[in-house]
Amino acid sequence: MADITINDSMAEMYLYETNSLLEQLDQILLGAEKSNEFSKEEIDSIFRIMHTIKGSSAMMEFSGIAKVAHKVEDLFSYIRNNGIDRDLNEDLCNLVFQANDFLKEEVEKVEGGEPLNTDIAFLEESITRFLGVLKGETPVAPASAPAETGAAPPQAEQAEQAEAVDPGEVVIYFDEGCQMENVRAMIILNKIREIGLRCVSKPERLDNSEEAVQEIVARGFRVKIDDHSALDKVTELLRGTLNIASFTVGGREYRLTRQREASAVRVFFEDGCEMENMRAFQLLSQVAEVYPDIRSVPAQLMNNEDAVQQIIHEGFLLVVAEPNRVGEVLAVVEQGLHVKSYATEEWEEPAAEDVDLPGGEDAAPAVALAKASEAGEPAADLPARSARPEAAPAQVAPVQAAPDGGGRVVKQNLISVSLNKLDALMELVGEIVITESMVTSSPDLQGVELENFTKSARQLRKLTGELQDISMSLRMVPVSGTFQKMFRIVRDMNKKLDKDVELILVGEETEVDKTIVDSIADPLMHLVRNSMDHGIESREERLAAGKPAKGKIVLSAQNSAGEILITVQDDGKGLDRDALLNKAAERGLLTKNPAEYSEKEAFLLLLLPGFSTKSEVTEFSGRGVGMDVVKKNIEKIGGAVSIESKKGLGMATIFKIPLTLAIIDAMKVAVGKSILSIPINVINQTFKCTAQNVIEDANGTQMVLIRNECYPIIRLYDVFDLETQVTEIEEGILILVEAGGSAACVFADELLGQYQVVVKPLPSYLSSYDLRDDGIVGCTILGDGSISLILEMASLLR
Amino acid sequence: MDWLQQAELQEQETVSVPNQYLTFAIDEQSFGISISDVVEIISLCPIARVPQFSGYAKGIINLRGRIIPVIDVRLRFHLPEKDYDSRTCIIITNINDLDIGFIVDEVQEVVDIDEADVEPAPKLTGSYAHRFIIGVGKRGGRMILLLDSQRLLNEEEVAALDVVRM
């Protein structure tokens with residue numbers, strides 16, 4: 001298998017890139033489907049995505065993926081040139097979704113090291129068929145364009161179409177992006193008339209007509225000349241005309257490859273990306289796929305250290321002999337890996353005919369250099385430098401949004417880093433922080449007056465603090481990526497189940513640790529599917545129940561008291577306690593008398609393994625593995641799942657996930673030798689209290705009266721079984737906390753002050769102890785390296 | 001085919017890989033755990049007590065930013081608690097991707113014990129520690145009780161074993 005031989009980092013990069021492209025594709029498709037229209041940008045970007053996937057997959061030798069991507073690319077290349085009928089939009093969407101799913105599946109297999117599917121005939125066929133449909137309805141493709149005559153009457157036109165080619169027809173294509181095609185066409189027309197020839201053109205109206213421009217761009221400018229003997233003159237004339245990419249005279253094609261005006265794309269790779277020659281080679285081979293005649297400077301890339309230096313300093317130059325194809329090349333370059341920036345420029349061929357393309361020897365760059373100096377360039381300047389400055393802006397391909405005239409495009413300033421490296425960094429930073437405080441509070445320094453040391457130590461503390469903050473923030477990503485994926489699921493299921501459900505995202509910018517984002521994706525998908533399948537009723541049922549026909553699923557994320565709350569809420573039929581209990585009884589899942597189950601407890605039955613409320617198994621859900629897997633996954637990252645529901649109104653599933661590695665503000669309190677941290681946001685006030693204020697109720701529970709409100713007293717040493725000298729209410733301190741809808745006073749020995757703490761989850765070995773239910777949510781490492789437990793007040797108060 | 005199998009069998013017989021064990025002492029008795037489970041050995045560091053822990057699980061420690069639960073092997077063996085001293089060590093192990101520290105009286109050495117020198121664990125001798133023993137290694141005149149680190153961790157497994165033995 002290919003993936004055994006390939007280098008790991010390359011495979012990783014491939015997976016990362018392909019996955020993100022496919023996700024991007026999903027977004028585009030969803031957008032296009034919503035507006036029922038493919039905009040030009042959308043078509044272009046789908047084309048580019050497919051193109052990149054094709055290139056990289058071919059490089060990795062995943063031929064199945066490459067083939068499918070190639071097919072889709074072909075399809076979009078056709079659509080790009082010919083447009084698409086609105087009626088076909090939906091079919092196109094479905095088709096591309098299908099292709100996208102196939103690709104995703106395959107990429108997943110690559111990830112899992114499974115053998116790839118080689119049977120792609122079905123997909124290929126449906127794409128080909130669709131392309132056929134497209135072509136069938138718009139038979140005039142540019143490839144077959146010469147078959148059509150210019151201004152012939154309709155009947156004749158049809159007749160001639162069947163025949164081969166009208167010998168008197170001239171079809172002219174202008175350079176891509178040369179603009180004002182209509183005016184240029186007019187000039188040509190005038191010139192033809194000047195040499196005394198009679199002709200008719202198509203389109204006929206050329207002035208101020210946007211339609212004419214479009215037609216010329218799409219199908220070329222057609223001129224029908226009566227006098228066939230004068231065609232040589234016309235050919236001559238057209239050869240000398242500017243901005244013509246190619247033209248056909250009587251079916252014979254002339255491509256204007258102007259050696260003197262070739263274009264070049266100068267590519268700079270990211271600083272320090274290393275192996276520039278390899279990257280250049282890879283880019284070159286990608287470009288060669290769209291444009292086989294590509295040449296590069298330096299030509300000899302492999303095993304050439306000079307080439308590396310040249311690429312670093314001068315950039316890597318791709319020479320495109322036909323300026324009108326620069327756009328295609330740029331599209332590839334733009335997608336290239338590690339490309340920092342690129343710019344187009346004009347390229348003067350040192351001596352066109354005898355440049356040896358293959359460049360078999362190391363000497364190739366040097367040869368080019370020598371030639372450049374012959375051409376009158378200063379020898380110190382490499383040939384790449386011969387760019388004429390005024391030429392650049394006109395050649396900038398339409399793919400670039402940046403309007404600045406320089407034509408230099410700076411790529412997105414993002415890099416992808418392996419999570420392992422970030423973990424290692426975090427660990428190291430944690431160590432540094434602790435070591436820093438060990439150094440500065442070293443017992444050897446006690447009582448010694450060291451002015452300079454103190455100053456530097458303060459500076460060091462500040463810097464390590466910053467270092468810690470930054471390394472922490474590196475791991476935080478917004479949940480939006482995961483949320484966005486749900487759109488696709490809702491869309492698919494809407495179609496399959498014939499439901500009309502809208503997905504609403506709330507708080508998608510909430511940032512959480514990367515590992516959490518990864519582990520909530522599957523559970524969320526299950527829940528959304530469940531809601532779509534079981535939760536939300538069919539249109540008729542909804543209307544009968546007096547609800548709007550359109551269902552609603554709300555996906556929300558919010559930060560709350562050191563936790564992140566992720567909620568999936570639907571306005572479907574909700575849960576029925578009795579139905580749940582019956583079902584559970586059927587499956588033998590009940591552990592006590594059904595009558596004793598509260599509503600909440602009944603809902604939690606859903607989370608038990610082997611429980612599925614829908615009798616028949618559907619494509620999407622109903623295998624009864626969903627909810628317990630959801631629960632397991634969430635618990636794995638230290639979270640909890642709860643379910644709320646109102647019969648007939650809908651249900652909500654809530655994930656409460658600790659913000660791993662998140663920084664929270666906490667109050668440190670001492671109880672005996674232990675130091676506990678209480679999240680600051682649950683603390684209302686702290687106060688000293690005298691024994692008179694403490695009331696004892698009949699059960700012996702102690703209460704304290706504050707502003708006419710009674711609060712129970714929770715003694716931490718009691719709850720957590722800690723040893724302490726401070727047991728008298730006057731000696732310690734009371735902290736009024738409010739969480740989870742209830743309030744209480746927590747009794748501790750003393751306050752140690754407010755700190756920012758890094759929440760760390762407790763080791764999974766401890767999960768068997770249900771510490772969460774006992775009010776311990778995690779722990780943190782204090783400045784001196786000791787550990788403090790972080791309390792979770794909501795469960796403590798329960 | 002037959003000769004191939006035989007060759008393989010022979011190879012297995014002749015090249016019995018010596019197993020390496022890290023030995024430590026508790027009450028003068030040597031115990032060994034497979035070196036492949038051991039990550040590192042650290043001297044005693046402050047242990048944060050975690051409420052609701054069962055007795056032998058002493059709490060958690062901070063090992064360069066990693067939070068690791070620690071188990072006092074003495075208490076695990078139902079031996080009387082002893083004050084920690086300068087020789088007390090924590091053996092950090094990684095078992096099934098789980099980092100756990102074992103507090104022991106003293107770490108001794110790493111020894112190679114040939115498969116042939118390992119006797120099966122003696123039938124119950126009354127000491128609670130024997131529940132964790134998978135074999136007895138002989139080295140010189142010394143006996144080293146080889147521990148199954150899995151069993152050290154897992155309460156249920158030990159409980160299940162108890163049931164079988166009863």
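Only a predicted model underlies this, so the values are computations on that prediction, with no experimental measurement involved. Just so you know, these numbers use all the heavy atoms, side chains as well, and skip hydrogens, waters and symmetry mates. Just so it is clear: chains get the letters A, B, ... in the order the sequence lines come, proteins before strands, and each one is counted from 1.
Rounding to the nearest 0.5 Å gives a distance of 10.5 Å between OG of A:Ser786 and CD1 of B:Ile60. We find the CG-OG1 distance between B:Asn62 and A:Thr780 to be 9.5 Å, quoted to the nearest 0.5 Å.
Summarising the local packing, NZ of B:Lys82 is surrounded by more than 12 heavy atoms from other residues, nucleotides or ligands at distances under 6.0 Å. The number of heavy-atom neighbours closer than 6.0 Å to CZ of B:Arg87, taken from other residues, nucleotides and ligands shown, is 12 or below. The neighbour count for B:Glu109 CD, taken as heavy atoms of other residues, nucleotides or ligands under 6.0 Å away, is above 12. For CD of A:Gln725, the number of neighbouring non-hydrogen atoms (other residues, nucleotides, ligands) closer than 6.0 Å is 12 at most.
Applying the salt bridge (Lys or Arg N to Asp or Glu O under 4.0 Å) rule to pairs touching residues 22-40 of chain B yields B:Asp27-B:Arg74, B:Glu40-B:Arg64, sequence neighbours excluded.
B:Leu63 does not touch chain A: none of its heavy atoms, backbone or side chain, sits under 4.5 Å away. Of the atoms belonging to A:Ile787, heavy atoms from both backbone and side chain fall under 4.5 Å from chain B. Looking at B:Leu98, only its side chain comes within 4.5 Å of chain A, counting heavy atoms on both sides. Looking at B:Ile47, there are no atoms closer than 4.5 Å to chain A (heavy atoms on both sides), in backbone or side chain.
When all heavy atoms are compared, the tightest approach of A:Leu789 to B:Arg49 is CD1-O, 3.7 Å.
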